[in-house]
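In what follows, residues are counted from 1 in the order of the sequence shown. Whatever order the structure lists ligands and atoms in, that order sets their numbers, starting from 1. None of these values were measured; they are calculated from a predicted model.
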Amino acid sequence: MTAQIIDGNALAKQIRAEAAGRTAALKARGVQPHLAIVLVGEDPASQVYVKHKVADSEQTGLKATLERHPVDMTEDALLARIRALNADASVHGILVQLPLPRHMDSHKVIETISPAKDVDGFHVASAGALMVGQPGFWPCTPYGCMKMLESIGYDLRGKHAVVIGRSNIVGKPMAMMLLAKDATVTVCHSRTPDLAAFTRQADVVVAAVGKRNVLTAGMVKPGAVVIDVGMNRNDEGKLCGDVDFDGVKEVAGWITPVPGGVGPMTRAMLLANTIDAAERTGRG
Ligand code: NAP
């Protein structure tokens with residue numbers, strides 16, 4: 001079997017087009033969706049990420065404001081900036097680019113963002129809302145993975161999904177989203193003995209580890225859906241995922257590539273969350 005590819009670029013394009021339509025409708029009602037991005041320091045990867053987030057927003061008709069602060073900004077000053085953005089009715093979404101400089105407590109910073117503007121979905125209130133099935137903001141990466149499953153019309157009810165990785169921003173919320181769709185979910189991690197024994201039973205595998213070749217062909221049930229969240233570099237320095245794509249595509253039914261898979265979906269879901277925030281307040 002050669003797996004069908006779930007094309008993250010094409011799907012993200014569709015989501016951006018929908019987002020542009022929703023933005024136009026909001027603007028017609030006098031609401032300009034506005035994302036405030038806060039960058040502290042000069043981490044090179046963060047600089048690239050925020051540049052993309054601004055460009056994606058502007059291409060979709062959203063307003064994006066990028067605040068750059070020096071690496072020696074105090075935590076108190078950052079918290080004060082976040083409180084000011086919370087109070088600014090023209091701002092619908094607030095994103096603090098991580099990682100923050102080491103002298104700052106990321107948890108404290110994220111918890112200062114108003115849950116109503118937490119478009120990254122990292123606030124404890126957002127995690128709690130996801131846990132109990134209440135409206136809130138879903139973290140963009142697992143949200144994008146769910147959209148990929150939806151795009152192939154995959155019915156998760158009763159299916160066995162294995163999530164490899166248990167981070168607060170990918171693995172855990174991914175597991176909650178799959179549970180909410182009535183999948184039977186197993187979460188594996190670095191202490192899981194015999195990972196393959198779990199993945200071989202899975203109808204869906206989501207790999208969110210950050211190590212190449214964590215999932216190889218012999219670990220996959222024929223016909224399974226394989227979603228690769230990982231972002232790694234191969235020996236030639238090219239972007240690759242956690243999945244041995246060439247091997248696994250011969251066994252799986254569906255597979256997401258890297259690049260062109262989960263990455264563009266993550267970016268698209270940030271726009272969707274920001275527009276949700278603007279629609280919920282209906283002003284600004
Ligand atoms: P993380 O916080 O480092 O978590 C990695 C997880 O993998 C941990 O739960 C760890 O287990 C588990 N793990 C490590 N080695 C393992 C092994 N050999 N077998 C099974 N599990 C193992 O990483 P993250 O932030 O969730 O990100 C995961 C990957 O996704 C990274 O490559 C990251 O760059 C990528 N990512 C991509 C996007 C995107 O938009 N495409 C967005 C976010 C993240 P323990 O908990 O036991 O340590």
Measure Val229 to ligand 1 on non-hydrogen atoms and call it side chain, backbone, both or neither using the 4.0 Å cut-off. both
Gly165: numbered ligand 1 atoms lying under 4.0 Å from its heavy atoms: 6 (C), 7 (O), 9 (O)
Assess the residue pair Arg68 and Gln47 against the criterion (side chain to side chain donor-acceptor pair (under 3.5 Å)); give the C-alpha distance rounded to whole Å, side-chain angles, the decisive distance to 0.1 Å, and a yes or no. CA-CA 10 Å; Arg68 292 171 180 276; Gln47 306 257 15; 2.8 Å; yes
Ignoring hydrogens and geometry beyond distance, is a side-chain donor-acceptor pair present between Asp76 and Thr74 at under 3.5 Å? no
Mode of Arg267 contact toward ligand 1 - side chain, backbone, both, neither (heavy atoms, under 4.0 Å): neither
Numbered atoms and elements of ligand 1 in range of Ile164, under 4.0 angstrom, heavy atoms: 20 (C), 21 (N)
Counting heavy atoms only, which part of Val209 comes closer than 4.0 Å to ligand 1: side chain, backbone, both or neither? both
Hydrophobic clusters here meaning ILVMFWY residues chained together by side-chain heavy-atom distances under 4.5 Å, can you tell me if Met219 and Ile255 are in one? yes
Tabulate below the donor-acceptor pairs under 3.5 Å that side-chain atoms of residues 125-142 make, not counting sequence neighbours, or state none.
| unit_1 | atom_1 | unit_2 | atom_2 | d |
| --- | --- | --- | --- | --- |
| Ser126 | OG | Asp118 | OD2 | 2.4 |
| Thr141 | OG1 | Thr266 | OG1 | 3.1 |

Lys238 versus Asn234, side-chain donor and acceptor atoms under 3.5 Å: no
Select one of side chain, backbone, both or neither to describe which atoms of Thr192 lie under 4.0 Å from any atom of ligand 1, heavy atoms only. neither
Atoms of ligand 1 under 4.0 Å from any heavy atom of Gly263, numbered from 1 in the order shown, are 40 (O), 41 (N)
Under 3.5 Å between any N/O of Asp242 and any N/O of ligand 1: does that happen in this structure? no
Report the nearest protein non-hydrogen atom to atom 46 (O) of ligand 1: residue, atom name, distance rounded to 0.1 Å. Arg166 NE, 2.7 Å
Distance filter under 4.0 Å to Thr266 heavy atoms, resulting ligand 1 atoms: 39 (C), 40 (O)
